[in-house]
Amino acid sequence: MSIYPRKVILDVDAGIDDAWALLLMLKAEQKNLIEIIAITCCHGNAELSEVVDNVCRVLQAFGRKNIPVYKGVSKPLIPKDLSHKYSFDWLHFFGKNGFGDIDLGDSDTLDRSCVVENISAVVALHELTREFKGLISVLCLAPLTNIALTLRLFPQFAQNAKELYIMGGNHKGVGNVTSAAEFNFLTDPEAAHIVLGGFHGPICILPWEACLGIDISYEWRYDTLGASDAPYISLLNRLERGISDRAISMGFNKWVPADSALCTCFLDEKAITVSYETTCSVELAGEITRGQACVDVVHSKTPNVRMIDTVDSRLLKDMLLWIKD
């Protein structure tokens, strides 16, 4: 039986998807289901400085500015210029600043007091999981660079963290940035490889294909979830409208809140309707398949992850409605 509140660190790259997930977890904290120990920031949806500011915007709008925020790694372990290979829409799905490229004009008034300037996210992940050994679940909503460097610099993190929940990768060869790879894993495949091969505790992965199976309409997102005067929902309504229009033009006929889906699976096991244990690794050298998560379908190795296959969309919607309460 789980002991509540469960201690959580959120590792984010704070695009709008992360923002919804953060709001959901803040609401779960109000319900005394979890305790958010820290938020660690990583490159990904935006430059690191933008990621940090986006997190501060959400915390400020929610009125929860006392959660420590740590700056992490600003580049992949082995940076590669992908701009010449893939379209802007795929590389910057949420805009270059992660928040729809809308100028909020708040740089002078944004409260950054929650940001811990003198400790990196990597050191914080180590120190906090050592302090609360075996008690902290790390929810990974970003490329896995922070987690990989923590494992390399502080190997005891592999035993000290309770578990990892990862939104990323794929298990049926369906990508989003490329035909074979999902954004978080493709952004830093070496980091994903290190984490999947080096973490000793339970790893639960929500892959891209499971996110595509989520059944939430844009009408529900705006007319039901978005029908609120709460400042944090008003903020995301303003930021996301243009992104939604572009997503629809790209063929997405449903809203896909992938990071919130991972958080829902963490908060309530019943949200995971189908899953299986498997061995998962990451392709690093392929010209076409770099970043693809490769699943051992012949069962030749000891499983290292739990792979989520389907998510209960109705339960996800019910939890997202907590944000309106």
Side-chain angles (χ1 to χ4, degrees), residues 8-29 36-76 91-104 106-107 110-117 120-122 124-125 138-147 165-168 177 182-185 187-188 191 206 211 231-240 242-244 256-263 266 320 323:
V8 174
I9 292 176
L10 297 168
D11 189 65
V12 305
D13 58 345
I16 291 175
D17 199 12
D18 304 69
W20 280 113
L22 178 53
L23 289 174
L24 175 57
M25 297 301 278
L26 289 166
K27 283 293 185 176
E29 187 178 56
I36 302 175
I37 301 297
I39 300 170
T40 52
C41 298
C42 183
H43 70 93
N45 279 318
E47 296 290 331
L48 182 63
S49 60
E50 296 277 13
V51 171
V52 173
D53 278 359
N54 291 345
V55 169
C56 291
R57 288 185 177 98
V58 174
L59 295 179
Q60 183 171 327
F62 194 84
R64 182 74 165 84
K65 295 179 289 184
N66 56 338
I67 298 174
V69 177
Y70 297 91
K71 296 179 182 179
V73 185
S74 61
K75 300 291 182 184
L91 287 176
H92 303 286
F93 189 82
F94 297 111
K96 289 197 70 173
N97 71 354
F99 269 14
D101 291 332
I102 292 177
D103 182 6
L104 295 171
D106 63 353
S107 59
L110 185 61
D111 188 345
R112 299 179 177 87
S113 60
C114 57
V115 180
V116 181
E117 295 286 359
S120 78
V122 171
L125 283 161
V138 183
L139 272 60
C140 308
L141 309 180
L144 292 168
T145 317
N146 284 342
I147 311 303
Y165 274 70
I166 298 172
M167 191 284 116
V177 177
E182 175 274 336
F183 175 83
N184 282 343
F185 275 30
T187 299
D188 197 338
L206 177 69
C211 298
Y232 39 89
I233 291 183
S234 297
L235 173 66
L236 293 193
N237 283 343
R238 177 184 174 190
L239 298 175
E240 195 171 13
I243 293 168
S244 297
V256 186
D259 291 341
S260 297
L262 179 75
C263 293
F266 170 76
L320 284 167
I323 300 172

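L23 places a side-chain heavy atom less than 4.5 Å from the side chain of V58. A heavy-atom distance below 4.5 Å is found between the side chains of L104 and L239. Looking only at side-chain heavy atoms (C-beta outward), V51 and N45 stay at 4.5 Å or farther from each other. Contact check for D101 versus H92: no side-chain heavy atoms found under the 4.5 Å cut-off. In this structure the side chain of F183 reaches within 4.5 angstrom of the side chain of D13, judged on heavy atoms. A 4.5 Å side-chain heavy-atom check between F99 and E50 finds every atom pair outside the cut-off. In this structure, Y165 and V138 have side chains that are not in contact, with every pair of non-hydrogen atoms separated by 4.5 Å or more. In this structure the side chain of L26 reaches within 4.5 angstrom of the side chain of L59, judged on heavy atoms.
The closest side-chain donor-acceptor pair between D188 and T145 falls under 3.5 angstrom.
For K65, the side-chain hydrogen bond (donor to acceptor under 3.5 Å, both in side chains) partners at least two apart in sequence or on another chain are D111. Considering only residues two or more places apart in sequence or on other chains, S260 meets the side-chain hydrogen bond (donor to acceptor under 3.5 Å, both in side chains) condition with none of them. With sequence neighbours excluded, the residues forming a salt bridge (Lys or Arg N to Asp or Glu O under 4.0 Å) with R112 are D53, listed by chain and number. With sequence neighbours left out, E47 forms a salt bridge (Lys or Arg N to Asp or Glu O under 4.0 Å) with no residue at all. The ring-ring contact (aromatic ring centres under 6.0 Å, His included) search around Y70 returns none, not counting sequence neighbours. By the side-chain hydrogen bond (donor to acceptor under 3.5 Å, both in side chains) test, D259 is found to be paired with no residue, residues two or more places apart in sequence or in another chain being considered.
What you find for D11 and C42 is that their closest heavy atoms are OD2-CB, 4.3 Å. Summarising the geometry of G72 relative to N146, their closest heavy-atom pair is CA-OD1, 3.4 Å, with the distance given to 0.1 Å.
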